[in-house]
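Each remark here refers to the structure printed beneath this line.
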Amino acid sequence: MSFDHVRRFTPAPPRASSRVAPVAPPLAIAIRGHTYRDNGPKSGSEGTLMELITVASARQAEAIGKQVRLQGWVRTRRDSKGGFSFIELNDGSCQGNLQIVAEAALPNYETEVKKLGAGCSVTVEGEVRQSPAKGQATEVAAKSVTVHGWADAESYPLQKKGHSYEFLRTIAHLRPRTNTFGAIARLRNQVSRSIHDFFQEQGFLYVHTPIITASDCEGAGHLFKVSTLNPAQLPLQNGQVDFTKDFFHRPTFLTVSGQLEAEIFACGLGKVYTFGPTFRAENSNTSRHLAEFWMIEPEMAYFDLQDNMTLAESFLKRIIRDALDKCGEDMKFFQERVDKEILTRLQGVLNSQFLRLPYTEAVEILEKSGEKFEFPVRWGIDLQSEHERYLTEKKFGCPVILFDYPRTLKPFYMRVNDDGKTVRAMDVLVPGVGEIIGGSQREERLDILEQRMKEQGLDPAGYWWYLDLRRYGTVPHSGFGLGLERTLLFLSGMGNIRDVVPFPRVPGSAEF
RNA sequence: UCCCCGAUAGCUCAAUGGUAGAGCAACCGGCUGUUAACCGGUUUGUUGUAGGUUCGAGUCCUACUCGGGGAGCCA
């Protein structure tokens with residue numbers, strides 16, 4: 001689906017993607033990647049031609065007959081008295097392991113092969129052949145097994161059996177070697193790719209907004225301070241810290257949103273998106289919050305709130321479809337080991353049309369629901385998690401986009417409706433996770449925007465550049481924010497956001 | 001930050017206020033084209049930390065630390 005039809009006044013500029021980079025000369029060794037191939041056959045230990053391939057490609061029946069070299073980590077070893085051992089090899093290229101058959105004739109069979117255990121790193125050379133046993137199409141008959149690094153079985157924390165996520169969090173440096181975190185890493189990679197693919201195909205421009213900022217998009221005191229001042233010797237002026245002595249000559253923070261800067265580029269280049277790290281210093285101790293997370297924020301000139309919703313829905317569906325199509329094995333793993341309903345739920349979302357429901361109607365539905373809520377529902381107060389869950393999981397059973405919230409509940413930059421009481425905000429609620437997207441049509445009228453800033457105790461002078469966008473050539477525009485980690489929770493069925501980010505940062509914890 | 005729950009072997013968990021155990025892992029042996037292999041045996045503890053109650057505390061009380069679930073803030 002294209003959004004180019006939506007009231008664009010200028011054609012999209014040529015995109016960077018039209019400049020195709022020249023093909024790089026082959027590297028000496030391709031360690032990872034989907035080519036699964038280095039710069040050609042090389043001489044193996046027995047003088048045969050060895051091709052470096054991944055476990056993923058060696059597991060395919062097409063690989064049968066090839067002389068190959070594989071590099072990865074041992075998951076487990078089983079011995080046969082018949083004079084050989086089975087080694088389960090994984091290199092992160094896919095969910096499944098490759099079975100290596102190592103004969104006793106190998107020169108290092110007794111000294112090394114029979115001592116291999118979980119965690120050891122090896123290079124294996126041999127021939128891919130059809131596996132006579134169930135469980136895999138192929139296996140590799142090893143001609144050599146080279147051990148790079150041992151993993152002492154007494155002290156290596158990862159065992160063959162399952163571990164709790166809580167335990168794995170304490171060894172975040174080793175958990176990428178587990179099935180679950182391998183699957184998460186590959187899914188996260190795919191989602192990141194889908195995000196760029198979707199927006200690039202729609203003619204969006206990828207904009208890098210600053211990590212360090214002096215503005216506070218949400219208007220609250222939950223930012224991380226950035227300073228080079230010595231905390232033990234702060235320069236003071238009338239009892240206050242004198243920030244003119246600081247690096248930027250003013251207080252600065254880690255960004256909580258790239259939205260305001262994205263608006264700058266949207267109001268000049270049309271459709272843009274940001275995709276980068278975001279920092280919130282809130283003392284949130286939940287399974288859905290991180291102090292450091294990745295956020296995607298598209299911002300579109302000439303989009304109204306309905307266009308915004310259409311984009312959000314089509315964007316989410318693209319990510320789901322790609323995950324199902326391109327991470328099939330990992331998604332199957334989530335279905336079997338993490339959440340028995342994840343595939344049907346995602347398929348249901350793909351097939352559904354997101355329900356668009358004004359806040360006012362949602363409140364009426366909740367009031368008439370007869371449901372016993374812990375917190376009462378009343379027009380003018382924010383909906384609680386239990387209310388949102390009721391709507392998306394129980395009442396409708398599909399994603400719900402709530403919009404037109406009371407102005408008192410939402411930030412200054414959201415466009416005020418004609419009724420004067422509500423603003424053009426939207427929240428996308430999905431089953432299982434709750435709010436996954438928050439967005440709005442932006443206030444493009446200078447006088448109303450200034451009034452809203454004062455209403456919320458903000459000094460318009462500090463946002464002079466933001467106001468200039470309304471002062472000169474203002475346009476209606478919209479955008480939203482999608483949390484990458486919440487998307488991963490939604491896609492995988494995982495229960496804790498700390499398990500879908502490589503290195504979680506939460507209050508009291510920044511290990512690794 | 002608030003409410004609730006928890007912390008015992010490398011991991012997952014038992015143990016009416018009265019001698020701290022099991023399964024898995026590890027190690028040894030057996031068996032096997034095996035695949036969460038199987039069978040037999042062996043090893044493993046300052047019961048989160050600091051106090052308190054008690055003749056006696058893994059168990060009861062207090063504080064703290066860490067973890068989990070829920071709430072708020074939100075993505």
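A note on names: the letters A, B, ... follow the listed sequences, proteins ahead of strands, and every chain is numbered from 1.
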message: Do A:I437 and A:D427 make a side-chain contact, defined as non-hydrogen atoms from C-beta onward lying under 4.5 Å apart?
response: no

query: Which of the following nucleotides, B:C27, B:C74, B:A37, is nearest to the side chain of A:E154?
result: B:C27

task: Tell me what A:E292 touches on the nucleic acid: a base, only sugar-phosphate, or nothing, going by heavy atoms under 4.0 Å.
output: nothing

message: Does A:E386 reach a base, just sugar-phosphate, or nothing at all? Heavy atoms under 4.0 Å.
response: nothing

query: Taking N and O atoms by type only, does the side chain of A:R78 place a donor or acceptor under 3.5 Å from a partner on the base of B:C38?
result: no

message: Using a 4.0 Å heavy-atom cut-off, does A:I296 contact any base of the nucleic acid, only the sugar-phosphate backbone, or nothing at all?
response: nothing

message: Less than 4.0 angstrom from a charged side-chain N to a carboxylate O is my criterion; do A:E299 and A:R442 meet it?
response: yes

field: Nucleotide nearest A:F84 when distance is taken to its side chain, options B:A26, B:G33, B:G72
entry: B:G33

Earlier contact from the 5' end, RNA chain B, for A:Q136 and A:D382: A:Q136

task: Pick the C1' atom in B:U44 and in B:C38, then give their distance to the nearest Å.
output: 24 Å

field: Pairwise P distance for B:U8 and B:C13, with rounding to whole Å
entry: 9 Å

query: Among B:C73, B:A75, B:U35, which is the nearest nucleotide to the side chain of A:E282?
result: B:C73

message: Mind checking if A:Q384 touches a base, just sugar-phosphate, or nothing, with heavy atoms under 4.0 Å?
response: sugar-phosphate

- request: Remember a base hit wins even if backbone is also touched, and classify A:F167 as base, sugar-phosphate or nothing at under 4.0 Å, heavy atoms.
  value: sugar-phosphate

- prompt: Contact class for A:T487 vs. all strands (heavy atom < 4.0 Å): base, sugar-phosphate, or nothing?
  reply: nothing

message: Using a heavy-atom cut-off of 4.0 Å across all strands, would you classify A:A133 as base, sugar-phosphate, or nothing?
response: base

field: d(CD, A:Q99; C1', B:U35) in whole Å
entry: 6 Å

- prompt: Going by modelled atom types, is there a donor-acceptor pair between the base of B:C74 and the side chain of A:S284 at under 3.5 Å?
  reply: no

field: Listed nucleotide nearest any side-chain atom of A:S287, set B:U34, B:U35, B:G69
entry: B:G69

- prompt: Hey, are A:R356 and A:Q306 close enough side-chain-wise for a donor-acceptor pair under 3.5 Å?
  reply: yes

task: Give, for atom CZ of A:F354 and atom CG of A:L429, the distance between the pair rounded to the nearest 0.5 Å.
output: 10.5 Å

message: What's the gap between B:C11 and B:A71 when it is taken at their C1' atoms, as a whole Å value?
response: 32 Å

query: What does A:R389 touch in the nucleic acid at a heavy-atom separation under 4.0 angstrom: a base, only the sugar-phosphate, or nothing?
result: sugar-phosphate

query: Where the side chain of A:F293 is concerned, which of B:G67, B:A75, B:C73 is the nearest nucleotide?
result: B:A75

message: If I pick the P atom on B:U47 and the same atom on B:C5, what distance separates them, to the nearest angstrom?
response: 25 Å

query: NA contact type, A:L290, heavy-atom cut-off 4.0 Å: base, sugar-phosphate, or nothing?
result: base

message: Suppose we call a contact any N or O donor and acceptor under 3.5 Å apart; does that hold for the side chain of A:D79 and the base of B:U34?
response: no

task: Take A:E435 and A:S509, find for each the nucleotide of RNA chain B with the closest heavy atom, and name the residue whose nucleotide sits nearer the 5' end.
output: A:S509

task: Could you tell me whether the side chain of A:H289 has a donor or acceptor atom within less than 3.5 Å of a complementary atom in the base of B:C73?
output: yes

message: For RNA chain B, please output the secondary structure as dot-bracket, reading 5' to 3'. Pairs are Watson-Crick or G-U wobble, both atom distances under 3.5 Å; mark crossing pairs with [ ], other-strand partners with |, unpaired with a dot.
response: (((((((..((((....[..)))).(((((.......))))).....(((((..]....))))))))))))....

query: How would you label the contact of A:Y156 with the nucleic acid (heavy atoms, under 4.0 Å): base, sugar-phosphate, or nothing?
result: nothing

query: Mind checking the C1' distance from B:U42 to B:U46? Whole angstroms is fine.
result: 24 Å

- prompt: Are A:K410 and A:Y405 in a cation-pi contact, defined as NZ or CZ under 6.0 Å from the six-membered ring centre and within 45° of the axis?
  reply: yes

- request: Identify whether any heavy atom of A:P132 sits under 4.0 Å from a base atom; if not, whether one sits that close to sugar-phosphate; answer base, sugar-phosphate or nothing.
  value: base

query: How would you label the contact of A:R75 with the nucleic acid (heavy atoms, under 4.0 Å): base, sugar-phosphate, or nothing?
result: nothing

- prompt: So what does A:N496 touch, heavy atoms closer than 4.0 Å: a base, only the sugar-phosphate, or nothing?
  reply: sugar-phosphate

